[in-house]
**Student:** 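Next up is a structure, given as structure tokens.
Heads up: numbering here begins at 1 and tracks the sequence.
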Amino acid sequence: MRFLSYAALLCALCFAGSEVRAENLLDVYQLALKNDPLIREADANRLATREARPQALSALLPQLNLNGSRSDRDADGTTAFFDFTAGAQRSIPQQSQSDSNSFSLQLTQTVFRWDQWVGLQQAQKIVAQAETEYQAAGQDLVLRVAQRYFDVLAAQDRLESEQASRESIARQLEQAEKRFEVGLIAITDVQEAQAAYDQAVASDIAARRSLATARENLREITGAYIEKLDRPVAEMELVPPAPEDPDQWVREAMDQNLALVASRLGADIARDEIRSRRAGHLPTLDLVASRNEFDQSSTQINPDPLTGQPLSSTSDVDQTTDTISLQLSVPLFSGGFTSSRVREAVYRHRAAKEQVERIARETEREARDAYLGVISEISRVKALKQALASSQTALQATEAGFEVGTRTTVDVLDSRRSLLNARTNYLRARYDYILNVLRLKLATGTLNTEDITGFNRWMKP
């Protein structure tokens with residue numbers, strides 16, 4: 001008991017130091033929409049991928065480049081020659097100096113490059129795939145929020161049941177001890193009640209641990225601890241899927257499921273990549289216009305070969321050249337590199353098509369499973385509601401039998417445990433019904449914020 005008090009105090013201190021940010025399902029979703037790192041990562045990737053189209057388009061637009069250079073050159077040396085007049089070898093210093101400036105302006109316009117045209121079409125599909133994946137991440141966020149929201153509620157329900165069980169067993173143990181003291185029951189009944197109480201204490205500790213874990217999972221996507229969550233009201237309407245035809249839901253999922261749509265776009269992108277790499281075997285044609293300006297001033301000092309005296313000479317060059325040309329490039333042999341890249345793209349396209357098939361099968365399975373889950377959970381909620389009422393009646397009858405001596409302590413403990421389990425299972429089934437409805441909409445690609453808003457109307461403190 002002392003350990004439980006310390007554990008409860010620790011949990012209270014942890015949650016008391018955190019700000020309560022939201023209470024209902026819609027508020028929690030809006031909080032996650034702002035703070036979930038996964039959805040923000042998906043948004044950043046979407047924005048980055050959007051740049052693929054302007055990058056592909058830029059390759060088809062004119063390319064203008066300006067180059068310039070300046071150089072200063074000084075050279076000092078000596079020239080050796082034989083002076084026939086003096087009859088001796090002489091050396092005369094030699095110097096040169098030059099300054100030059102060069103500027104080049106070049107305009108290049110693609111006339112025919114098949115890979116660039118294919119790249120533009122491919123970029124449009126890449127952007128479309130990124131947008132689809134971002135929408136899929138948004139739908140996944142809706143389901144993740146709901147899943148973790150109801151996991152917290154289920155953990156709270158379990159903890160409340162374990163606490164109620166522990167308290168009722170504690171009362172039962174106290175009654176058993178008093179009855180044993182006056183000789184109404186045997187010591188075995190007291191021992192059985194004590195064993196049940198010890199087990200209840202252990203279950204209570206495990207339930208507190210599960211609740212703490214569920215709260216951490218919710219904090220992971222919302223960025224804040226949320227102490228109080230609204231629960232579905234007792235009169236929550238259980239609506240079956242419309243239409244009540246699983247095949248129609250599957251057909252809708254095969255047309256609209258975002259993960260499947262994104263995989264199909266990925267296969268198209270891989271097919272375009274084959275066309276782009278095959279362009280490595282095709283010629284390219286570019287229009288190139290350029291203007292070059294060259295300016296040079298130089299001075300040289302050389303020895304006169306007859307007299308040996310230094311002679312100085314200067315020169316100035318100022319030249320402008322305009323050029324317009326068509327540049328044709330025909331690839332002949334690249335060592336098999338282009339062919340290898342084409343084969344690589346073919347294999348990747350084959351893998352992309354298999355991925356489409358895999359996701360299509362997964363989508364069909366998820367749609368059918370979610371549809372059956374909604375149908376079964378509706379029936380299960382109704383059955384568990386009746387089981388809860390029956391367990392309550394059975395407990396009352398067992399307690400009455402214990403008072404008159406026809407039932408034992410073990411019978412009473414088992415009836416109370418059955419009642420608490422029935423309550424927990426009933427509440428969990430209601431949560432699972434909501435989650436299966438969301439999973440069905442996720443499989444068909446129609447899950448959105450309106451679904452959260454619709455279920456939020458059934459949430460009350």
Side-chain angles (χ1 to χ4, degrees), residues 24-26 28-29 136 138-158 161 214 229-261 358-392 418-460:
N24 59 49
L25 182 59
L26 182 60
V28 173
Y29 168 73
Q139 291 188 351
D140 179 69
L141 177 63
V142 173
L143 183 60
R144 286 191 295 122
V145 168
Q147 179 71 61
R148 300 192 184 191
Y149 183 98
F150 291 117
D151 283 348
V152 173
L153 291 183
Q156 289 177 343
D157 296 336
R158 179 188 173 192
S161 295
L229 298 175
D230 291 355
R231 296 171 177 269
V233 296
E235 64 274 11
M236 183 182 70
E237 184 179 3
L238 304 178
V239 181
E244 297 186 17
D245 180 10
D247 292 333
Q248 186 167 344
W249 284 95
V250 169
R251 287 193 294 269
E252 187 175 352
M254 299 302 287
D255 292 335
Q256 301 179 185
N257 181 273
L258 294 181
L260 184 56
V261 172
R358 173 178 60 82
I359 295 179
R361 295 182 184 183
E362 291 177 356
T363 300
E364 181 177 358
R365 171 184 56 80
E366 291 169 356
R368 291 188 184 278
D369 183 69
Y371 176 85
L372 295 176
V374 174
I375 297 296
S376 63
E377 288 303 330
I378 291 176
S379 302
R380 188 165 175 263
V381 168
K382 295 178 180 178
L384 289 173
K385 184 177 182 180
Q386 182 60 42
L388 180 60
S390 300
S391 297
Q392 182 66 42
S418 297
L419 175 61
L420 294 173
N421 287 337
R423 175 182 178 274
T424 303
N425 293 336
Y426 168 67
L427 296 176
R428 178 76 252 190
R430 284 155 52 88
Y431 307 150
D432 289 341
Y433 161 76
I434 297 176
L435 291 175
N436 277 288
V437 171
L438 297 179
R439 290 191 184 102
L440 181 59
K441 289 182 174 291
L442 177 66
T444 57
T446 58
L447 184 61
N448 54 44
T449 309
E450 297 300 324
D451 298 303
I452 290 287
T453 304
F455 281 114
N456 196 64
R457 292 186 291 106
W458 300 103
M459 300 290 171
K460 298 295 180 182

**Student:** Applying side chain to side chain contact (heavy atoms under 4.5 Å, CB included) to M236 and I434, what does each step give before you reach the verdict?
**Tutor:** CA-CA 10 Å; M236 183 182 70; I434 297 176; 3.8 Å; yes

**Student:** Hey, could you give me the CG/CD distance between D140 and Q147, rounded to the nearest 0.5 Å?
**Tutor:** 11.0 Å

**Student:** Are the side chain of D369 and the backbone N or O of R365 linked by a donor-acceptor pair below 3.5 Å?
**Tutor:** no

**Student:** Could you report the tightest heavy-atom contact between A253 and A367, atom names first, then the distance?
**Tutor:** CB-CB, 4.0 Å

**Student:** Decide side chain to side chain contact (heavy atoms under 4.5 Å, CB included) for T446 and Q256; before the verdict, give the C-alpha distance in whole Å, the side-chain angles of both, and the deciding distance to 0.1 Å.
**Tutor:** CA-CA 8 Å; T446 58; Q256 301 179 185; 3.3 Å; yes

**Student:** Less than 4.5 Å apart, side chain to side chain, heavy atoms only: is that true for N448 and V142?
**Tutor:** no

**Student:** Side chains of L440 and P241: closer than 4.5 Å at any heavy-atom pair?
**Tutor:** yes

**Student:** Looking at every non-hydrogen atom in both residues, tell me the closest pair between N257 and L442 and how far apart they are.
**Tutor:** ND2-O, 3.6 Å

**Student:** Return the minimal non-hydrogen interatomic distance between S418 and S391, and the atom names on each side.
**Tutor:** O-OG, 4.0 Å

**Student:** Taking the side chain from E377 and the backbone from D432, do they hold a donor-acceptor pair closer than 3.5 Å?
**Tutor:** no

**Student:** For the residue pair Y426 and A234, what are the closest heavy atoms and their distance?
**Tutor:** OH-O, 4.5 Å

**Student:** Could you tell me the separation between the CG atom of L438 and the CD atom of Q139, rounded to the nearest 0.5 Å?
**Tutor:** 11.0 Å

**Student:** Quick check for you: to the nearest 0.5 Å, what is the distance between L388 atom CG and L419 atom CG?
**Tutor:** 6.0 Å

**Student:** Taking all atoms of both residues into account, what is the closest heavy-atom pair of F455 and V437, and its distance?
**Tutor:** CZ-CG1, 3.7 Å

**Student:** Let me know which of R423, R231, R428 forms a side chain to side chain donor-acceptor pair (under 3.5 Å) with D157.
**Tutor:** R231

**Student:** Dump the intermediate steps for side chain to side chain contact (heavy atoms under 4.5 Å, CB included) on Q386 and V381, then the final yes or no.
**Tutor:** CA-CA 9 Å; Q386 182 60 42; V381 168; over 6 Å; no

**Student:** Quick one: NZ on K441 to CD on E252, what's the gap to the nearest 0.5 Å?
**Tutor:** 8.5 Å

**Student:** With rounding to the nearest 0.5 angstrom, report the CG to OH distance, D247 to Y371.
**Tutor:** 9.5 Å

**Student:** Could you check if a side-chain atom of P232 sits within less than 4.5 angstrom of a side-chain atom of L427, using non-hydrogen atoms only?
**Tutor:** no

**Student:** Any chance you could measure T453, atom OG1, to L25, atom CG, to the nearest 0.5 Å?
**Tutor:** 8.5 Å

**Student:** Evaluate the criterion side chain to side chain contact (heavy atoms under 4.5 Å, CB included) for residue pair L141 and Y29; output intermediate values, then yes/no.
**Tutor:** CA-CA 8 Å; L141 177 63; Y29 168 73; 4.2 Å; yes

**Student:** Are any side-chain N or O atoms of R430 and backbone N or O atoms of V233, one a donor and one an acceptor, separated by less than 3.5 Å?
**Tutor:** yes

**Student:** Quick check: closest heavy atoms across T424 and S161, and the distance to 0.1 Å?
**Tutor:** OG1-OG, 2.8 Å

